[in-house]
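What follows is one structure encoded as structure tokens, with my remarks underneath.
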Amino acid sequence: MRAAFLLAGLLFAGNAAAQDWQAVERVEPYSVQGSNGLEIYQSIGARGPKLGLGRVIAHTGFKLTWTRKYERQGDACVITVNKPKLIITYTLPKLKSKLAEPLKGRWDTFITGVTAHEKVHGDFIKEMVRQIETMSVGLTVENDPNCKQIRSQLQTKLGELSNAQRARSRDFDQVELTDGGNVHQLILQLVDPR
């Protein structure tokens with residue numbers, strides 16, 4: 001359930017005010033089925049999105065591109081426009097089976113909780129993009145009339161913000177997925193509601 005990271009910088013001239021963008025959020029469902037909680041969870045384990053060597057319940061991925069404008073100002077280079085285009089994709093299980101109560105209620109609680117968990121990852125990604133935008137608009141490098149040094153400085157700062165976002169997502173998953181954590185409790189409630 002870790003957020004995937006894809007960052008591609010597209011360098012185009014354009015005019016845009018800071019933070020006048022909105023992320024596009026979409027859900028990409030995968031089908032699961034079962035007649036009891038354990039069967040549903042086993043279906044998730046067999047069909048869930050692959051991450052690393054195994055499969056996970058859900059996943060938040062994103063694609064981030066930028067419209068940037070670098071301007072020469074005297075002997076310096078300045079980023080005057082840095083507008084993001086962010087697409088966040090939540091891969092979530094979708095139940096094909098028709099359920100009766102009380103299993104239907106347990107499934108509803110489970111999928112609502114898993115979706116909320118993934119939305120937190122989405123919020124972390126949006127916060128990172130806002131930080132990148134805030135940090136980069138107006139970024140100035142002196143003695144860089146050809147706007148070459150500014151690009152390497154920007155990449156260094158982007159790497160730092162990206163690493164911080166990934167660490168934040170890992171820390172959140174660790175709390176949520178460990179014994180007693182929120183997602184762990186959702187799984188237990190679905191599989192064994194005692």
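Residue numbers run from 1 in the order of the sequence given.
Taking OG of S136 as the reference point, atom CD1 of I79 lies at 5.5 Å (rounded to 0.5 Å). Residue K157 holds its NZ atom at 11.0 Å from OG of S152, rounded to the nearest 0.5 Å. With values rounded to the nearest 0.5 angstrom, M135 atom CE is found 8.5 Å from E160 atom CD. We find the CE-OG distance between M128 and S162 to be 6.0 Å, quoted to the nearest 0.5 Å. Interatomic distance, L161 CG to T156 OG1, rounded to the nearest 0.5 Å: 11.0 Å.
Here the rule is side-chain contact (heavy atoms from CB on, under 4.5 Å) with Y70, and of N146, L139, L154, D144 only L154 fits it. Of the candidates E28, R26, E25, E118, Y90 forms a side-chain hydrogen bond (donor to acceptor under 3.5 Å, both in side chains) with just one, namely E25.
No donor-acceptor distance shorter than 3.5 angstrom exists from the side chain of T112 to the backbone of T109, with no hydrogens or angles considered. Remark: the backbone N or O of C147 is paired with a side-chain donor or acceptor of R151 at under 3.5 angstrom. Remark: the backbone N or O of S35 is paired with a side-chain donor or acceptor of E39 at under 3.5 angstrom. T134 places no side-chain N or O within donor-acceptor distance of the main-chain N or O of Q131, the cut-off being under 3.5 Å.
The ring pair (Phe, Tyr, Trp, His ring centres under 6.0 Å) analysis of residues 135-186, with sequence neighbours excluded, yields the pairs H117-F172, H121-F172, F124-F172. Legend: salt bridge (charged side-chain N to carboxylate O under 4.0 Å, His left out) pairs involving residues 91-102, not counting sequence neighbours: none detected.
Between I88 and G122, the shortest heavy-atom contact is CD1-O, 3.7 Å. Scanning both residues, I57 and P93, for their nearest heavy atoms gives O-CD, 3.5 Å. H59 approaches P49 most closely through the heavy-atom pair CB-CG, 3.9 Å. Between I132 and W66, the shortest heavy-atom distance links the atoms CG2-CZ2, 3.3 Å.
Looking at heavy atoms from C-beta onward, K85 lies out of side-chain contact with L64 at the 4.5 angstrom threshold. Side-chain atoms of V24 and L86, non-hydrogen and from C-beta on, never get closer than 4.5 Å to each other. At a threshold of 4.5 Å between non-hydrogen side-chain atoms, the residues P29 and L92 do not count as touching. Contact annotation: the side chain of L95 never approaches that of I111 to less than 4.5 Å [non-hydrogen atoms, C-beta and beyond].
Under a hydrophobic-cluster definition in which Ile, Leu, Val, Met, Phe, Trp and Tyr are linked whenever side-chain heavy atoms come within less than 4.5 Å, directly or via other members, L158 and I87 are assigned to different clusters. Under a hydrophobic clustering in which Ile, Leu, Val, Met, Phe, Trp and Tyr are joined whenever their side-chain heavy atoms come within less than 4.5 Å, directly or via other members, V175 and V120 fall into different clusters.
Side chains of E133 and W21: a donor on one and an acceptor on the other come within 3.5 Å.
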Name each donor-acceptor pair under 3.5 Å that joins a side chain in residues 40-47 to protein atoms two or more places apart or in another chain, with its distance.
from	atom 1	to	atom 2	distance (Å)
S43	OG	Q33	N	3.1
R47	NH1	S31	O	3.3

Requested in this report: Please test Q165 against I125 for side-chain contact (heavy atoms from CB on, under 4.5 Å), starting from the C-alpha separation and ending with a verdict.
Outcome: CA-CA 7 Å; Q165 178 269 324; I125 293 163; 3.7 Å; yes
Requested in this report: Apply side-chain contact (heavy atoms from CB on, under 4.5 Å) to the pair W107 and V32, showing each step before the final yes or no.
Outcome: CA-CA 12 Å; W107 168 259; V32 296; 4.2 Å; yes
**Report entry** Step-by-step side-chain contact (heavy atoms from CB on, under 4.5 Å) determination, K119 to T60
**Finding:** CA-CA 8 Å; K119 292 283 187 171; T60 300; over 6 Å; no
**Report entry** Residues E127, R168; criterion side-chain contact (heavy atoms from CB on, under 4.5 Å); working and verdict
**Finding:** CA-CA 11 Å; E127 288 174 26; R168 189 177 182 196; 2.5 Å; yes
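Listed by chain and residue number, Q73, T80, T140 satisfy the side chain to side chain contact (heavy atoms under 4.5 Å, CB included) test with V78 (two or more places apart in sequence, or in another chain). Looking at residues two or more places apart in sequence or on another chain, you find a side chain to side chain contact (heavy atoms under 4.5 Å, CB included) between N163 and R166. By the side-chain hydrogen bond (donor to acceptor under 3.5 Å, both in side chains) test, T91 is found to be paired with no residue, residues two or more places apart in sequence or in another chain being considered.
Ionic pairing of D108 and K104 is present here: one or more N-O contacts between side-chain nitrogen and carboxylate oxygen are shorter than 4.0 angstrom. For the pair K126 and D123, the salt-bridge criterion is met [side-chain N within less than 4.0 Å of a carboxylate O].
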